[in-house]
Structure formats: C-alpha cells, structure tokens
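Worksheet: one structure, shown below.
Within every chain, numbering begins at 1; the chains are lettered A, B, ... in the order of the sequence lines, protein sequences first and strands thereafter. Worth saying up front: this structure is predicted, and the values here are computed from it rather than measured.
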Protein chains: 2
Amino acid sequence: MDAMDWALLAELQADARLSYSELSRRVHLSAPAVAERVRRLEESGVITGYHARVDPSRAGRKVSALIRMSCYGVRCVLRDRQALAWPEIVEVHRVTGDTCCLLRVAATSMTAFEELIDRLAPYGQPSSMMMLSSPLPWRALAPADE
Amino acid sequence: MDAMDWALLAELQADARLSYSELSRRVHLSAPAVAERVRRLEESGVITGYHARVDPSRAGRKVSALIRMSCYGVRCVLRDRQALAWPEIVEVHRVTGDTCCLLRVAATSMTAFEELIDRLAPYGQPSSMMMLSSPLPWRALAPADE
DNA sequence: AGGGCCCAGTCCATCGCGTCCACGGTCACG
DNA sequence: CGTGACCGTGGACGCGATGGACTGGGCCCT
C-alpha cells in the first residue's frame with residue numbers, strides 16, 4: 001500500500017473501466033506492472049469489486065429511503081433470509097444505538113414504499129428517513145495519512 | 001430499457017470490468033450491439049459511473065459509522081463546503097425526519113472518529129451509529145416489475 | 001565488502017478485444 | 001407495396017492485455 005497503489009485506487013474508484021494501458025499512462029508505470037499491482041490489491045481484499053452505479057430514479061425507483069429498525073428480541077430482519085431477499089432493500093447494515101439495523105431501500109413509488117413498511121412493521125417499529133438530494137453521493141477513499 | 005438492457009445492467013453492476021465481448025457472450029448479442037446499448041445507458045444517465053469498491057478497514061479506516069445531524073437553522077453541514085471536504089466523510093445525504101442530513105464516515109481509529117465528532121458538534125447534535133457487520137452490503141438494482 | 005537472492009519493473013511478442021464501417025432484416029408509415 | 005429508420009451482424013484494422021525473459025536495486029548472510 002504505497003503511493004502508487006493509492007494512485008491506482010484513486011483512478012479505479014473514479015472510473016473502474018479504465019484500461020491497464022490508460023492507467024499505466026496516468027501513474028507512469030508499465031502496463032504489466034499496473035496489472036500486477038491491481039491483481040494484488042484485489043487478492044488482498046483491498047478492492048472488493050467493480051460495480052456500475054445505476055441512478056435509481058432513472059431505473060424506475062422513484063422513492064429512496066433509509067429505514068432504522070428497532071427489532072424486538074430475536075425476531076429481526078437481519079436473520080430473516082426471506083426479508084433480506086426483498087428487492088426494494090438494497091443495503092442492510094447492523095449498527096449500534098437504539099436501532100438494531102439500518103436499511104437502504106429503493107421503491108418504485110410511494111405506495112410501493114408504504115407497502116414495504118407494512119411488511120417490515122412485524123419485525124419492529126420502522127423509522128423512515130426519505131432520501132432527498134445528496135450533496136456528496138460518494139467519495140473515493142484516500143490514504144489515511146495526517 | 002428492455003430486458004436486454006436490464007441483463008447488461010445486472011452484469012455491469014456485478015462486475016463493471018467485464019469486456020464487451022464477454023458481455024456479448026453472456027447476453028447473446030454481438031459486441032458492437034452491446035457497446036452501443038451500454039453507451040446509450042450511460043448517455044441517458046441510467047448508468048452514472050463505474051467504481052472500484054474499496055474495503056475501508058483494509059484501507060486503514062477501521063471505524064465506520066453513520067451520523068445523523070440535527071442542525072440548528074441555517075448553520076448546517078450541508079452548506080459548509082469546508083466540512084464536506086473532510087476526508088473522513090464519504091457520503092452525505094439530505095433526509096426527512098428529525099434529522100436534516102445523514103453522514104457516512106470512515107475514520108482511521110476511534111480517536112480520529114471522536115475528533116471528527118468534536119468538529120461536527122458545532123453544526124448540531126451528531127447522533128452516531130457505529131457500523132458493525134453488513135448482512136447485505138449492496139444489491140444490484142433489478143427491473144421494478146411486479 | 002562482496003556475492004547471491006528476491007522482488008518489482010521493463011521490454012517484447014502474441015493473441016484477443018474494441019471500434020469503425022458497410023450491409024441486411026424488420027417494422028411503421030405513407 | 002415501396003421506403004426510411006432503427007437495430008443488429010460480420011469483417012477488418014489497430015490497440016490493449018498478457019505471459020515470458022531479462023534487468024536493476026535492496027537486503028541478508030557470510
């Protein structure tokens with residue numbers, strides 16, 4: 001994890017489809033060397049994958065929200081594989097605090113969202129935060145120096 | 001946005017570095033046709049980008065959290081460009097509810113995280129949810145049919 | 001201090017892939 | 001029934017990916 005690795009990570013976080021030869025030009029290294037470094041970053045688990053990002057609203061999911069779940073005892077969304085398979089749910093994170101887990105959901109419409117809330121309610125009170133704009137939708141991870 | 005487009009979206013959300021010829025094999029289309037369809041998906045804004053995903057903990061960010069901010073009046077993190085530039089903050093979303101925005105942060109250590117909380121406090125009470133495991137770190141958007 | 005080892009990068013050659021172009025099938029419409 | 005637009009196919013060409021052989025620098029051991 002030297003400066004060269006971080007330069008490659010910066011490029012690939014910004015555009016995962018860059019070719020090795022283009023990467024090699026940007027970081028001033030030969031293409032095979034770049035390929036070798038990227039392979040190592042993948043194998044060591046630093047890079048977990050490459051993903052196209054899709055705009056939910058342009059893909060027919062007009063309503064996005066974050067839902068905090070405060071589940072009662074063992075009955076938790078986290079452990080219900082069937083609930084985790086619901087396609088509206090796009091992320092599930094276990095968190096600390098007065099809520100056991102946090103869901104990120106993308107529903108087709110407000111009525112579809114309401115119907116999802118009804119399905120979630122049996123697991124514990126869902127507390128919804130509707131997502132409005134995102135001043136910072138994402139940021140690339142940079143070297144954690146100081 | 002027909003079934004072929006969704007098949008391409010599914011493949012590219014799972015692995016953004018697939019070559020056009022590999023894509024063409026998987027969706028049973030010729031490579032130029034695939035390239036043309038992908039180009040249209042990009043231009044129409046359905047695909048917003050391709051990004052390598054980096055494991056924060058393996059990249060030296062051991063502490064991840066979601067922070068709900070309840071800002072006082074106009075003084076809000078959302079409007080402070082300097083605050084938005086802090087490298088620990090990796091996502092900022094405006095949401096509804098008793099909190100004006102939600103931050104996703106990745107700090108190097110608990111002490112660095114504590115220091116971030118101190119910097120955020122002037123904007124309004126930060127309410128932190130430390131991220132534990134993620135039963136569903138992400139899911140690809142699928143066609144919203146019924 | 002010298003010798004040898006290992007890691008990482010470069011160079012080169014081959015093969016496969018991306019991209020452009022011309023062509024053809026299909027459908028809607030006049 | 002002819003025509004144009006759209007979308008996909010196939011071929012050709014140039015670039016990129018990939019594996020192997022070689023080289024230079026750092027490090028340890030003697």
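- Taking Ile, Leu, Val, Met, Phe, Trp and Tyr as members and joining any whose side-chain heavy atoms lie under 4.5 Å apart, directly or through other members, B:L132 forms no hydrophobic cluster with any other residue.
- When the local axes at the two ends of the helix from C:dA1-D:dT30 to C:dG30-D:dC1 are compared, using 5 base pairs at each end, they differ in direction by 20° after rounding to 10°.
- Screening residues 82-95 of chain B for salt bridge (Lys or Arg N to Asp or Glu O under 4.0 Å) gives A:R104-B:E91, B:E88-B:R119, B:E91-B:R104 as the qualifying pairs, with residues at least two apart or on separate chains.
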Point to revise | Working for side chain to side chain contact (heavy atoms under 4.5 Å, CB included), residues B:V54 and A:T48 | key: CA-CA 6 Å; B:V54 173; A:T48 60; over 6 Å; no
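- Hydrophobic cluster membership of B:L78, counting Ile, Leu, Val, Met, Phe, Trp and Tyr whose side-chain heavy atoms lie under 4.5 Å apart directly or via other members: A:L136, B:V63, B:I67, B:M69, B:V77, B:L84, B:W86, B:I89, B:V92, B:L103, B:V105, B:M110, B:F113, B:L116, B:I117, B:L120, B:Y123, B:M130.
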**Study point:** Evaluation steps, side chain to side chain contact (heavy atoms under 4.5 Å, CB included), between A:S24 and A:S30
**Key:** CA-CA 5 Å; A:S24 74; A:S30 70; 5.8 Å; no
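- Applying the salt bridge (Lys or Arg N to Asp or Glu O under 4.0 Å) test to B:D15 and every residue at least two apart in sequence or in another chain returns nothing.
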Exercise for review: Report the C-alpha separation of A:L12 and B:R17 in whole Å, then their side-chain angles, then the decisive distance to 0.1 Å, and conclude whether the side chain to side chain contact (heavy atoms under 4.5 Å, CB included) test is met.
Suggested key: CA-CA 10 Å; A:L12 285 173; B:R17 280 183 76 79; 3.6 Å; yes
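- Residue pairs meeting the ring-ring contact (aromatic ring centres under 6.0 Å, His included) criterion with at least one partner in residues 3-50 of chain B, sequence neighbours excluded, do not occur; the list is empty.
- The span of DNA chain D lying next to chain A, judged by atoms under 4.0 Å from heavy atoms, is bounded 5' to 3' by D:dG16 to D:dG19.
- Listed by chain and number, the residues in a salt bridge (Lys or Arg N to Asp or Glu O under 4.0 Å) with A:R79 amount to none (sequence neighbours excluded).
- Checking side-chain atoms of A:R68 against main-chain N and O of A:C101 turns up no donor-acceptor pair under 3.5 Å.
- Every salt bridge (Lys or Arg N to Asp or Glu O under 4.0 Å) that A:R26 has, sequence neighbours left out, goes to A:E11, A:E22.
- Residues from residues 39-55 of chain B that place a heavy atom under 4.0 Å from any atom of DNA chain C: there are none.
- With hydrogens and angles ignored, the 3.5 Å screen pairs no side-chain donor or acceptor of A:R61 with any backbone N or O of A:P56.
- Between B:R39 and B:E36 a salt bridge is recorded (basic side-chain N to carboxylate O distance below 4.0 Å).
- Note that NE2 of B:H51 is 9.0 Å distant from CZ of B:R53, once rounded to the nearest 0.5 Å.
- Within residues 15-36 of chain B, the residues approaching DNA chain C are B:S19, B:Y20, B:S21, B:R25, B:P32, by heavy-atom distance under 4.0 Å.
- Taking the 5' to 3' direction, DNA chain C first and last meets chain B under 4.0 angstrom from a heavy atom at C:dC17 to C:dC20.
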**Study point:** Chi angles and distances behind the side chain to side chain contact (heavy atoms under 4.5 Å, CB included) call for A:R37, A:D2
**Key:** CA-CA 11 Å; A:R37 275 176 177 270; A:D2 58 2; 3.0 Å; yes
